[in-house]
Chemist: 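This is the structure I have questions about; it appears just below.
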Protein chains: 2
Amino acid sequence: MKSKINRASQISISTQLFEILKTDILQNEWQENTRFYSIRQVSIKYNVNPNTVLKVFQTLEEQGYIYSIRGKGSFIKKGYNLSISQRMAPILNTFKFGQNMKKGEINLSNGAPPSRYFPIDEYKKIIEKILKDIDFSKKLMGYQDIQGLESLRKVIPDYLKKFKINVSKEDIIIGSGTQSILSLICSTFNQIPKKTILVSNPTYQNAVHIFKNYYNIENINLEVDGWNMREFESILKKKRIDFIYIMTNFQNPTGISWAKWKKNKLLQLSKKYDFYILEDECFCDFYYDKNIPTSLKSIDKYERVFYIKTFSKSVMPGISLGLFIPPKSFLDRFSLNKYFVDTTTSGLNQKFLEIYIKEGFLENHLCMLRDIYSKKMKYVIDKINKMSHLKVVYIPKGGFFLWLELANYIDGEKFYYKCRLRGLSILPGFLFDSSGETSYNIRLSILSAEIEEIDIGLNIIEDILKHCSGLPSQN
Amino acid sequence: MKSKINRASQISISTQLFEILKTDILQNEWQENTRFYSIRQVSIKYNVNPNTVLKVFQTLEEQGYIYSIRGKGSFIKKGYNLSISQRMAPILNTFKFGQNMKKGEINLSNGAPPSRYFPIDEYKKIIEKILKDIDFSKKLMGYQDIQGLESLRKVIPDYLKKFKINVSKEDIIIGSGTQSILSLICSTFNQIPKKTILVSNPTYQNAVHIFKNYYNIENINLEVDGWNMREFESILKKKRIDFIYIMTNFQNPTGISWAKWKKNKLLQLSKKYDFYILEDECFCDFYYDKNIPTSLKSIDKYERVFYIKTFSKSVMPGISLGLFIPPKSFLDRFSLNKYFVDTTTSGLNQKFLEIYIKEGFLENHLCMLRDIYSKKMKYVIDKINKMSHLKVVYIPKGGFFLWLELANYIDGEKFYYKCRLRGLSILPGFLFDSSGETSYNIRLSILSAEIEEIDIGLNIIEDILKHCSGLPSQN
């Protein structure tokens with residue numbers, strides 16, 4: 001414990017202390033499981049309030065440098081020389097518990113709608129109504145038709161007409177959410193030699209983590225209107241690509257929507273080079289203007305698209321339901337494999353969703369959410385456009401996310417921890433980058449925070465930016 | 001259409017007609033998708049009631065020889081020269097729809113408790129109580145602690161004490177049922193070179209189907225007190241075995257419980273040969289006498305056991321919950337992978353289960369089920385012991401299943417279809433055999449049928465046996 005806190009510095013005491021202790025751990029090669037300093041020791045040594053020390057210790061723990069045992073103190077954690085998944089782990093830990101923030105923290109990171117928007121009143125009413133019929137409820141609590149409740153599958157085609165997707169109930173598989181459907185796809189095609197899947201960079205890494213369990217991953221940069229189609233075709237010529245994973249509308253994390261011609265080109269290439277498209281239409285319900293986005297499925301002449309759509313965002317995560325529409329020729333294969341790997345899709349929640357859609361609740365709910373989200377997104381963008389050192393990469397036409405570039409080579413990961421220390425949660429760009437390289441991007445989400453909180457959050461960002469602007473070495 | 005129905009024969013008309021039409025398809029090499037005979041044609045040609053013909057057509061369809069298009073007739077299906085999974089498919093099809101039988105059919109095949117036993121009244125009361133607290137319900141409908149609701153994990157250790165399993169809430173992962181937990185394990189260890197898993201023959205093939213997506217499968221015969229430990233060790237000496245999958249109590253399909261010394265030996269070998277044990281304790285709650293079965297987990301000194309236990313059988317499938325206790329050193333790894341592959345474990349149902357356990361409902365419910373199941377099992381065994389051509393392989397001390405051997409080389413698969421034609425559902429042994437070879441076994445389940453139905457079912461079996469007793473060629 002050398003170094004000193006510079007009280008004249010514009011850098012906060014907690015940030016300084018964090019850097020001092022981190023450097024101490026890294027430079028002095030502490031052995032795993034040795035006892036680290038106590039909060040009291042650090043507090044006395046640096047003349048810093050114990051609460052501030054506690055906050056810094058929590059950040060050290062989140063970053064994976066130390067762990068603590070209640071009543072025994074803090075200890076050095078193994079492997080603080082961190083790999084990408086280790087670097088991810090402490091950040092993901094903040095999501096492990098239902099993405100609950102500590103009280104008073106500002107949440108600009110959440111990927112799920114906050115619980116205050118959940119239609120729990122309707123859920124309660126509909127569930128209670130269903131449960132009144134005891135015999136029918138018993139049926140719903142048994143094993144279900146593996147393809148999904150037939151009466152639910154009957155109302156889905158109407159709902160999808162809005163997106164110009166024409167299907168019948170036989171074409172649909174109801175799954176337990178996006179991850180479960182991706183796992184179903186992966187395990188259905190888990191042969192040797194391993195298949196190869198091409199994904200955007202950046203992209204939603206939870207999907208990539210599922211793919212990694214099964215496939216070789218290839219990356220291609222995402223530009224503001226989609227992939228560079230020449231680059232894509234040159235990859236296809238060089239390598240066998242079996243699948244691509246894609247969100248062509250309001251992508252996570254960038255918010256980007258693909259140009260229409262690129263969507264068409266994609267489908268043509270899928271036929272020419274014989275690959276299949278995993279289309280994750282997670283956000284298609286959340287368009288800001290009246291322009292309903294075009295999914296690949298709706299223009300898929302060649303039966304190449306595996307269409308996936310969760311209801312976790314449009315209704316709530318707790319119903320654990322998603323929609324899966326593979327090309328017709330794969331239906332039997334997926335149904336049989338689903339029988340083996342996932343029989344748990346809730347009958348009761350399927351019945352709820354059926355009624356929720358059929359009686360118009362879903363459309364009303366989405367109208368409300370679209371209105372809220374589009375207003376908040378506009379507010380955030382307007383405010384950021386007035387800030388320096390921060391660039392909006394893409395103005396999204398829907399969805400939840402805003403992708404920003406930090407000026408002056410500010411590392412998004414360091415920036416994330418600085419925000420955490422100030423009680424603000426954002427997500428660093430490297431989390432969405434398969435290479436795990438330093439990223440100067442951050443992702444903001446407009447889901448959780450109200451306008452007043454957004455104000456506070458953006459002020460914190462502005463303040464931090466002021467203090468870490470300059471050359472990279474000064475960060 | 002040659003051959004003739006022999007009306008003097010003891011073999012039923014429908015069975016004869018089925019064999020005639022099947023032989024016709026196999027011998028005449030019909031092309032895929034050609035139109036098959038109409039029901040009317042067959043009815044006239046053989047002078048058989050159209051309803052009987054319809055029943056035979058349905059069996060041909062179930063067996064995968066034909067498919068039918070409403071209003072257009074029946075057509076030849078591709079690949080009627082069937083592989084094991086194709087042979088399984090038509091049988092599994094009867095399970096696809098919630099294992100619902102046609103009205104009037106006798107069910108001696110079900111692996112899940114029938115819905116009349118479901119504790120739906122308690123579910124209704126508890127869920128309605130939870131949903132009264134809107135704010136709390138909203139939290140339950142969001143993403144949950146990936147390891148499981150903490151308050152549920154707190155009540156589990158008490159419940160497990162009965163089985164002499166000592167764990168704390170930190171050791172437990174709540175998953176979405178056995179299949180989901182097995183998939184989680186598999187995807188967590190899906191490396192190249194492929195890992196190898198050793199399973200019993202016969203065993204629960206849904207698990208094997210999950211493993212097949214990931215691992216090499218090896219088999220070892222299950223004897224009446226467990227594996228032959230010398231044979232097992234000689235396998236371990238010859239091959240690298242990474243995992244074994246095992247139900248040491250009331251196994252599916254045989255009902256076999258392992259000898260205690262073999263359980264201990266298994267654990268010693270797991271340390272010596274460095275493999276891990278996937279212990280599926282699906283049936284441990286359903287012991288018939290007062291002897292609570294010993295799980296491997298409860299005697300696992302070496303931290304080798306991945307303990308898996310579903311609540312689908314003890315409560316009902318619709319709550320989609322299971323219990324997973326890996327060795328402590330794997331907890332973080334599984335939690336992180338679960339975050340990627342399965343975030344859908346229902347918070348609401350977890351809260352229900354917590355209350356259902358805490359307030360003693362589960363134990364009461366299990367008492368009732370144990371009583372019902374043990375009485376029915378005793379009844380079935382007593383009756384079968386008086387029948388000829390049928391041998392009880394093992395008298396189970398708990399669980400749902402009775403494993404029988406058909407005399408005179410009667411093929412269990414053919415026997416299955418004969419039963420189906422008579423409105424009785426059992427399961428043929430080959431479904432549980434990894435080799436897919438002809439099996440002279442069948443599995444009976446005592447779950448669904450009441451005593452009177454069991455009587456009818458066993459009478460049908462006796463009657464069929466009379467008609468197909470003799471040498472193999474006469475079947």
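Worth knowing before you read on, the calculation uses all heavy atoms, side chains too, and leaves out hydrogens, waters and symmetry mates. In what follows, chains are A, B, ... by sequence order, proteins preceding strands, each numbered from 1. Fair warning: this is a prediction, and the values are worked out from it, not measured in the lab.
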Chemist: Of the backbone (N, CA, C, O) and the side chain (C-beta and beyond), which part of A:S187 lies under 4.5 Å from a heavy atom of chain B, both, or neither?
Modeler: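 Its backbone and side chain both get close to chain B.
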Chemist: Mark yes or no for whether A:E61, through its side chain, and A:Y67, through its backbone, hold a donor-acceptor pair below 3.5 Å.
Modeler: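 Checking the backbone N and O of A:Y67 against the side chain of A:E61, no donor-acceptor pair under 3.5 Å is found.
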Chemist: Using non-hydrogen atoms only, which part of B:K194 is less than 4.5 Å away from chain A: side chain, backbone, both, or neither?
Modeler: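 Just the side chain, heavy atoms under 4.5 Å.
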Chemist: For A:I319, which atoms come within 4.5 Å of any heavy atom of chain B: side chain, backbone, both, or neither?
Modeler: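 Answer is both: backbone and side chain atoms of A:I319 are under 4.5 Å from chain B.
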Chemist: Stepwise, does the ring-ring contact (aromatic ring centres under 6.0 Å, His included) test hold for A:F334 with A:F189?
Modeler: CA-CA 10 Å; A:F334 281 119; A:F189 300 102; 5.8 Å; yes
Chemist: Do side-chain atoms of B:R116 reach the backbone of A:K138 as a donor and acceptor pair under 3.5 angstrom?
Modeler: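 No; judged by distance alone, with no hydrogens or angles, the pair does not exist.
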Chemist: Does NZ belonging to A:K125 count more than 12 external heavy atoms closer than 6.0 Å?
Modeler: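 12 or below, so no.
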Chemist: Heavy-atom distances under 4.5 Å only: say whether B:T178 touches chain A with side chain, backbone, both or neither.
Modeler: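 Nothing of B:T178, per the 4.5 Å heavy-atom cut-off to chain A.
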Chemist: Keeping B:K313 on the side-chain end and B:G111 on the backbone end, is there a donor-acceptor pair under 3.5 Å?
Modeler: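 Side chain of B:K313 to backbone of B:G111: a pair is present.
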Chemist: Let me know if A:D135 has heavy atoms under 4.5 Å from chain B in its side chain, its backbone, both or neither.
Modeler: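 Neither part, no heavy atoms under 4.5 Å.
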Chemist: Would you tell me whether B:D280 and B:Y204 have side-chain atoms, one donor and one acceptor, within less than 3.5 Å of each other?
Modeler: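 Judged by distance alone, the side chains do not pair up.
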Chemist: Flag the one option from B:T344, B:N213, B:N349, B:L131 with the top tally of heavy-atom pairs under 4.5 Å to chain A.
Modeler: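 Looking at each option in turn, the highest pair count goes to B:N213.
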Chemist: Can any side-chain N or O of A:Q147 pair as donor or acceptor with the backbone N or O of A:I172 at less than 3.5 Å?
Modeler: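 A pair under 3.5 Å: yes.
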Chemist: Output the option from A:L140, A:D342, A:T343, A:L348 having the highest count of non-hydrogen pairs under 4.5 Å with chain B.
Modeler: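 Counting heavy-atom pairs under 4.5 Å, the top option is A:T343.
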Chemist: I'd like to verify something: which residue of A:S183, A:P113, A:S320 has the highest number of heavy-atom pairs under 4.5 Å with chain B?
Modeler: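 With the most close heavy-atom pairs to chain B, the winner is A:S320.
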Chemist: Using heavy-atom distances under 4.5 Å, tell me whether A:Y214 contacts chain B through its side chain, its backbone, both, or neither.
Modeler: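 When you check distances to chain B, atoms from both the backbone and side chain of A:Y214 fall under 4.5 Å.
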